[in-house]
Amino acid sequence: MSETPRFDTTFDQPTGACVRVSPLVRRIVAGNSGPVTFTGTCTYVVGTGEVAIVDPGPDDPTHRAAILAATKGERVSTILVTHTHRDHSPGAAPLREATGAPLVGCAPHRNSRDLAVGEVDTMETAGDRAYAPDRVLADGERVAGPGWTLEAVATPGHTANHLAFALPEEKALFSGDHVMAWSTTFIGPPDGAMGPYIASLSKLLARDETIYWPGHGGPVTEPARFVRAIVAHRRQREESILARLRAGDETVTTIVETVYRGLAPALRPAAALNVLAHLEDLHARGLAGRDGPPGLGSRWSAA
């Protein structure tokens, strides 16, 4: 098997349209496309008659109206959230108000590590600090409706509180931003952390789902193969970063210039945080040295 993931960027579902993608699942795409959101956040309707909504998306009245129109005549019994980035969870509270359904799923937003003294959290505005669930689901806990079951699968890494939701009736997994077919997942400290992310990928390899429905873009149709390729890709990225440390690069900026050569300027801040996530993981494993506290301004070396 190739160690390079085969990404699919052909997804083109129109914003606001409700499309049935399986017997139990419908998908609506929010109008929040961008460099890290692709064509927009995917909201999923699970079941018929009595339904669950997975990831209501941003606090966008147009998207909320599309969700309510798609479920007209049905009862929304549960609203689930995979994680608390602003493209996934802020729409949950207004949807709860509109439907009366309880908001369950991930825990309130928190960082994967404490801030260092003097460190500025560049991810501060990405987190939905107002998110307040009625019930937090622990790993393995379930909610159910007529003909459907959703099981929480703890997958920290992209965020500390990230959950995926398994749909055993269709051997499917709502993978949030943990695994996506269109791109690798962004890991940005102190919000996210590389070590837990890799461990969560390994956890998924022990499961038997045959399709993933991600938070952005189209489905992952060969999930085991794809996840193995993602893990291999991350290990290759790690080796390239270690090679730059051995060559004498000391800063995130100089590593990004070489490792992400030719990257579009709009994506450089995300690349810098991804490199930082790898460096922090390498440091925790004793493979990289660090001068000073963690952060984008640290100086790094090969251990």
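Since the structure is predicted, the reported quantities are computational estimates derived from the model, not experimental observations.
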Legend entry - Basic-acidic side-chain contact under 4.0 Å: Arg142, Glu169: no
Inset, instruction - Output yes when Arg64 and Asp59 qualify as a salt bridge under the 4.0 Å nitrogen-oxygen rule, no when they do not. - result: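 Here Arg64 pairs with Asp59 in a salt bridge, since their nearest N and O are under 4.0 Å apart.
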Legend entry - Verdict with supporting geometry, Thr159 and His83, side chain to side chain donor-acceptor pair (under 3.5 Å): CA-CA 7 Å; Thr159 58; His83 66 293; 5.2 Å; no
Verify, without hydrogens or angle tests, whether [X] (side chain) and [Y] (backbone) share a donor-acceptor contact under 3.5 angstrom.
| X | Y | result |
| --- | --- | --- |
| Arg290 | His283 | no |
| Glu209 | Pro223 | no |
| Ser22 | Val25 | yes |
| Tyr131 | Cys106 | yes |
| Thr149 | Ala144 | no |
| Asn32 | Thr41 | yes |
| Thr251 | Thr254 | yes |

What pairs meet the salt bridge (Lys or Arg N to Asp or Glu O under 4.0 Å) rule with one or both residues in [range], with sequence neighbours excluded?
| range | result |
| --- | --- |
| residues 291-303 | Glu250-Arg299 |
| residues 174-200 | none |
| residues 10-20 | none |
| residues 31-57 | Glu50-Arg75 |

Contacts under 3.5 angstrom, residues 133-140 side chains, donor-acceptor by atom type, not counting sequence neighbours:
from	atom 1	to	atom 2	distance (Å)
Asp134	OD1	Arg96	NH1	3.3
Asp134	OD2	Arg96	NH1	3.0
Asp134	OD2	Leu103	N	2.7
Arg135	NH2	Glu141	OE2	3.4
Asp139	OD1	Ala154	N	2.9
Asp139	OD1	Lys203	NZ	3.1
Asp139	OD2	Lys203	NZ	3.3

Look at the side-chain heavy atoms of Ile, Leu, Val, Met, Phe, Trp and Tyr, link any pair under 4.5 Å apart, and say whether [X] and [Y] land in one connected group.
| X | Y | answer |
| --- | --- | --- |
| Ile211 | Val19 | yes |
| Leu115 | Val120 | no |
| Leu80 | Leu163 | yes |
| Val21 | Leu24 | yes |
| Val36 | Met180 | no |

Inset, instruction - Please check if any side-chain donor atom of Ser89 sits under 3.5 Å from a side-chain acceptor atom of Asp128, or the reverse. - result: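 Ser89 vs Asp128: donor-acceptor pair found between side chains.
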Inset, instruction - Establish, from distance only, whether the side-chain atoms of Thr43 and His63 form a donor-acceptor pair under 3.5 Å. - result: yes
Inset, instruction - Quick one: sort the Trp182 and Phe38 rings into parallel, tilted or perpendicular, breaks at 30° and 60°. - result: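 Parallel: the ring planes of Trp182 and Phe38 meet at under 30°.
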Legend entry - Chi angles and distances behind the side chain to side chain contact (heavy atoms under 4.5 Å, CB included) call for Val46, Ile53: CA-CA 6 Å; Val46 182; Ile53 306 295; over 6 Å; no
Indicate the atoms forming the closest heavy-atom contact of [X] with [Y], along with that distance.
| X | Y | value |
| --- | --- | --- |
| Val29 | Pro14 | CB-O, 4.5 Å |
| Gly295 | Arg113 | N-NH2, 4.3 Å |
| Ala181 | Pro219 | CB-O, 3.6 Å |
| Glu74 | Gly47 | OE2-O, 4.4 Å |
| Phe226 | Pro5 | CE1-CB, 4.1 Å |
| Ala152 | Phe165 | CA-CD2, 4.0 Å |

Do [X] and [Y] come within less than 4.5 Å of each other through their side chains, counting heavy atoms only?
| X | Y | result |
| --- | --- | --- |
| Arg228 | Val231 | no |
| Pro58 | Pro90 | no |
| Arg234 | Glu238 | no |
| Val54 | Val45 | no |
| Ser200 | Pro156 | yes |
| Trp213 | Leu167 | no |

Inset, instruction - Apply side chain to side chain contact (heavy atoms under 4.5 Å, CB included) to the pair Tyr44 and Val51, showing each step before the final yes or no. - result: CA-CA 10 Å; Tyr44 296 96; Val51 304; over 6 Å; no
Inset, instruction - Assess whether side chain to side chain donor-acceptor pair (under 3.5 Å) is satisfied between His216 and Thr37, documenting all intermediate values. - result: CA-CA 6 Å; His216 306 275; Thr37 56; 5.2 Å; no
For a side chain to side chain contact (heavy atoms under 4.5 Å, CB included) with [X], tell me which candidate from [options] qualifies.
| X | options | value |
| --- | --- | --- |
| Ile67 | Thr99, Ile79, Leu95 | Leu95 |
| Cys18 | Gln13, Arg26, Arg27 | Arg26 |
| Val179 | Val220, Thr155, Leu173 | Val220 |

Legend entry - CD/Glu239: more than 12 non-hydrogen atoms of other groups inside 6.0 Å: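 For Glu239, atom CD is crowded (more than 12 foreign heavy atoms under 6.0 Å).
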Legend entry - Neighbour count above 12 (heavy atom, 6.0 Å) for Asp208 CG: yes
So, taking the atom named [atom1] in [X] and the one named [atom2] in [Y], what distance separates them when rounded to the nearest 0.5 Å?
| X | Y | atom1 | atom2 | value |
| --- | --- | --- | --- | --- |
| Met194 | Thr185 | CE | OG1 | 9.5 Å |
| Asn161 | Ser112 | CG | OG | 8.5 Å |
| Glu257 | Arg268 | CD | CZ | 6.0 Å |

Legend entry - Other cluster members, Leu287 - Ile/Leu/Val/Met/Phe/Trp/Tyr, side-chain contacts below 4.5 Å: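 Besides Leu287, the hydrophobic cluster comprises Met123, Phe186, Ile241, Leu242, Leu245, Val252, Ile255, Val256, Val259, Tyr260, Leu263, Leu267, Leu273, Val275, Leu276, Leu279, Leu282, Leu296, Trp300, listed by chain and residue number.
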Inset, instruction - Apply the ring pair (Phe, Tyr, Trp, His ring centres under 6.0 Å) test between Tyr197 and each candidate in His178, His158, His162, His278; give the one that qualifies. - result: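 In the set His178, His158, His162, His278, the residue that makes a ring pair (Phe, Tyr, Trp, His ring centres under 6.0 Å) with Tyr197 is His178.
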